[in-house]
Amino acid sequence: MDSGHYAEGAIDLINADLTTREDVETFLAPRPWVCDQLEAGDLRALKRLQGELAAVVDASDAGDEPAVVSRLNALLEQHPVRPRISGHDAQTWHLHVNDTKASVATILAAEGLFGMALVVTELGADRFGRCAAPDCTLAYLDSSANRSKRFCSARCASRTNVAAYRSRQQAEA
């Protein structure tokens with residue numbers, strides 16, 4: 001099990017456009033075995049989960065570590081994690097935190113919350129944030145050694161840095 005993978009999945013869920021069932025199917029396309037379990041109520045449940053996870057990111061971005069922990073604990077109570085061992089042979093045993101018979105929303109909640117909780121306990125409650133690019137509000141996970149991540153992607157970082165450079169050049173001219 002890779003806790004970072006689960007936490008990144010939570011960030012991907014927060015940033016996803018899940019307006020329609022087709023949007024959810026596109027989001028789940030890399031995981032067809034999960035997509036096959038999609039039910040009518042999952043879209044509404046996933047939209048609610050997005051908001052709940054986003055509130056954790058926003059508390060982290062604001063530096064409110066007690067709120068991060070409080071929100072995660074409340075969500076973990078609301079969405080219990082059911083770990084199970086999975087693998088193809090004795091050399092690849094690993095931990096999954098979803099119930100194979102659960103709804104898609106329940107699976108994604110368990111994975112995302114477990115990953116976020118592990119990030120908080122292993123790296124700190126200040127590791128989630130919002131992109132610093134002026135026209136972007138996407139969430140990100142900062143797993144850097146020096147807690148220096150400020151952008152959701154290299155694209156946003158590059159655009160912001162190029163704009164700042166051009167602004168400096170114009171000011172000097």
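Because the structure is a prediction, the values reported are computed rather than measured.
Put simply, the side chain of Glu39 does not reach to within 4.5 Å of the side chain of Val104, judged on heavy atoms. By the 4.5 Å heavy-atom criterion applied to side chains, Val120 and Phe128 are counted as neighbours. Between Ile107 and Arg31 there is a side-chain heavy-atom pair separated by less than 4.5 Å. A 4.5 Å side-chain heavy-atom check between Asp42 and Val24 finds every atom pair outside the cut-off. Inter-residue side-chain proximity for Tyr6 and Leu118 is flagged as unmet; no heavy-atom pair is nearer than 4.5 Å. Under the 4.5 Å side-chain criterion, counting only non-hydrogen atoms from C-beta, Tyr140 is not in contact with Asn15. The shortest side-chain heavy-atom distance between Asp135 and Arg159 falls under the 4.5 Å cut-off. The shortest side-chain heavy-atom distance between Thr26 and Asp17 does not fall under the 4.5 Å cut-off.
Using a 4.0 Å cut-off between charged nitrogen and carboxylate oxygen, Arg168 and Glu172 do not count as a salt-bridge pair.
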task: Assess whether side chain to side chain donor-acceptor pair (under 3.5 Å) is satisfied between Asp23 and Thr20, documenting all intermediate values.
output: CA-CA 5 Å; Asp23 294 333; Thr20 66; 3.3 Å; yes
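No chain of hydrophobic side-chain contacts below 4.5 Å, direct or via other Ile, Leu, Val, Met, Phe, Trp or Tyr residues, connects Phe151 to Tyr165. With hydrophobic clusters built from ILVMFWY side chains whose heavy atoms lie under 4.5 angstrom apart, Val119 does not share a cluster with Leu138.
Around CZ of Arg44, the count of heavy atoms belonging to other residues, nucleotides or ligands within 6.0 Å does not exceed 12.
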